[in-house]
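Let me begin by presenting the structure, written as C-alpha cells, before commenting on it.
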There are 2 protein chains.
Amino acid sequence: MDGVTPTKRPRKPRADSVRNHDRVLEAARTVFAEGGPAASLEGVARQAGVGIGTLYRHFPTRQALFEAVYRHEVDQLVELAERLATDDLPPVEALRRWMRANVEFVATKKGMSAALAVAVHASSDLTAYSIDRLGRALGTLLARAVKAGAIRDDIGAEDILRTVVGLCYMHDKPGWQDKVRRLLDVFVDGMRRGSKAGALPRTPPG
Amino acid sequence: MDGVTPTKRPRKPRADSVRNHDRVLEAARTVFAEGGPAASLEGVARQAGVGIGTLYRHFPTRQALFEAVYRHEVDQLVELAERLATDDLPPVEALRRWMRANVEFVATKKGMSAALAVAVHASSDLTAYSIDRLGRALGTLLARAVKAGAIRDDIGAEDILRTVVGLCYMHDKPGWQDKVRRLLDVFVDGMRRGSKAGALPRTPPG
DNA sequence: GGAATATACGGAGGCAGCCTCCGCTTTGCA
DNA sequence: TGCAAAGCGGAGGCTGCCTCCGTATATTCC
C-alpha cells in the first residue's frame, strides 16, 4: 500500500514442526496401507507419536493427508519413468517396459489401493496433478514410439496411464501382476499401427 | 433325530418387515451413490424412514448392505448380457457390444463407483459371486468369437470383465464413456487373432 | 372377530473417532 | 539471555457406530 512495505523476512520453520510433519506423513502411509482409506486419524497421530491437534495443523483434512501421501508416490513414479527414458531401447519396448514397471511399483503399495481409488474420485485436483506429472514422463516414451511409426498416434499418455492403473485396481489375487502385465501386452498390441479400431480422439489439454 | 419331527411350518414373513427391507435397500443405493462408501448408515435409516435398529437387523454390517446393493446391480448386468447373446451378430461384434453396453450401465450408477472400488477390495466373496455370474454370461459371447476363429483363445471372461470395470473406475470427466469405449476397442483389436503378445495363461477355475 | 404369541420396530446409550479451540511449551532471533 | 512468534497437544462438543430390550404389531388359531 504505502511506499516502502518493510519486508519482514519470515522465520525459518521450526525444527520440531518439520520433524512432526515428516513423522505424520510416514505414519499415515503405514496406517492407510494397512487399514484402508477409513483408518483412524487418531491412530495415525498415535503411531506418529504426536497429538491429534498437531496432525490437524499440518494436514487440515483427511483428504489433505491422503494427497500428501499420494503425491510422494507419484514423484517416485516420475523418477522411474525418467530413468527408463534415458535407456536406449526400441521405442515400443521402452513404452511397454514402463507400463510393466508401473505395475510392479503399484504392487509394493497394494494396501494403499483402496485409498487411492477413493482419492481418484474424491479430488480432481490431485488426479490433475498426478496425470500431469506422469503424463509428461510417459509422453516422452510415447512420442518416440509414434515418431518411429510403430504405433498409432491417436492415443494419449493419459489414456495409457488410466488403463494401467485401472487394471491394477482390479486385481489382487496372488499372481495378479503377471496377469496385468499380459493384459497390458494385449493392449499394446492393439495400439500397433494397422489395428482396426475407430479413431480415438486426442486427449484435450487441461 | 426321532421318527417324526413335528414339522412346524414357519410363519410367513411379516409384511412390514419385507417393506422395510426394500425401503432400506433403496435408500442405501441413493445414499451411497451420493455420499460414497463412508456415508452415514443413520442417514440411510433416516432416508428410509425406519429406525437405526431396523436397518441393522436387516443388514448386520455396512458390508452386508453394500453387498446387497451390489448384487442387485450384478443381476441386472447378467440379464443384459443374456439378452445380447440371443441376438445374432458377428461374434466379435456381439462381444464388443456387451463390453460397450457395460460401460453405459456403469455410467448410470457412477456415484457408486467409489463404493464399489472399496467393495472389490474388501470382500472376495462378493467379487467371486459377481465374477462368476457375469463371467458365465460373458463366457457365451466369448466362446462364440473364439470358435469362429476371430480372436485368440487365451483370454478369459474374467480378464475382460476386470479390464472393462477397471477402465470405468478410472474415468469420470464428462465424456468419459466415449473414451472408455474407444479404449476397449483398442483392447479388442489386441485380442484379434494374429496379435503378437505372449501367451496369456488361461484363468484357472475358482 | 378376538386372543395368543412370534416377530419386528426403534431409539436410548455406551463407545470411538472427527475436528476445534486455546492455554502452555518450545524455538528462533537479536 | 529475553521475548515474541510458532507450534504443541489434549479436553470437549459432536456425530456416527452398533447393541440391547421394552413396546408395538402382524399372523395364526380358535
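Quick note on labels: first sequence line is chain A, next is B, and so on, each numbered from 1. The basis for the numbers below is simple: all heavy atoms, side chains too, and nothing from hydrogens, waters or symmetry mates.
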Check: residues 43-54 of chain B side-chain donor-acceptor pairs under 3.5 Å, at least two apart:
none

Sorted by number, residues from residues 16-25 of chain B placing a heavy atom under 4.0 Å from DNA chain C are Asp16(B), Ser17(B), Asn20(B)

Between Lys12(B) and Pro60(B), whichever has its closest DNA chain D nucleotide further toward 5' is Pro60(B)

By nearest-heavy-atom nucleotide on DNA chain C, the more 5' of Ser40(A) and Pro13(A) is Ser40(A)

Rounded distance (Å) that lies between atom [atom2] of [N] and atom [atom1] of [X]:
| X | N | atom1 | atom2 | answer |
| --- | --- | --- | --- | --- |
| Glu42(A) | dA16(C) | CD | C1' | 8 Å |
| His58(A) | dG7(D) | NE2 | P | 7 Å |
| Arg57(B) | dC18(D) | CZ | C1' | 13 Å |

Would you name the heavy atoms of [X] and [Y] that are closest together and state the gap between them?
| X | Y | answer |
| --- | --- | --- |
| Tyr56(A) | Leu41(A) | OH-CD1, 3.5 Å |
| Arg152(A) | Val146(A) | O-CG2, 3.7 Å |
| His58(A) | Asn20(A) | NE2-CB, 4.0 Å |

The correct set of residues in residues 46-56 of chain A placing a heavy atom under 4.0 Å from DNA chain D is Val50(A), Gly51(A), Ile52(A), Gly53(A), Thr54(A)

Could you tell me whether Asp185(A) and Arg182(A) have a side-chain N and a carboxylate O separated by less than 4.0 Å?
no

State which residues pass side-chain contact (heavy atoms from CB on, under 4.5 Å) with [X]; sequence neighbours excluded, sorted by chain then number.
| X | answer |
| --- | --- |
| Ala68(B) | Leu25(B), Phe59(B) |
| Arg19(A) | Asp16(A), Arg23(A) |
| Asp22(A) | Val18(A) |
| Ala39(B) | Val31(B), Phe32(B) |

Just the table, please: protein N/O against nucleotides 1-6 of chain C N/O, every pair under 3.5 Å.
| from | atom 1 | to | atom 2 | distance (Å) |
| --- | --- | --- | --- | --- |
| dT5(C) | O2 | Arg11(B) | NH2 | 3.3 |

Considering every strand and a 4.0 Å limit on heavy-atom distances, what is the contact class for Ala15(A): base, sugar-phosphate, or nothing? sugar-phosphate

Contacts of Glu42(A) meeting side chain to side chain donor-acceptor pair (under 3.5 Å) (sequence neighbours excluded), chain-then-number -> none

- Task: Test for a donor-acceptor pair under 3.5 Å between the base of dG17(C) and the side chain of Arg62(A), counting only N and O atoms.
- Result: no

_When you measure from the side chain of Thr163(B) to the backbone of Asp159(B), do you find a donor-acceptor pair of N or O atoms at a distance under 3.5 Å?_
yes

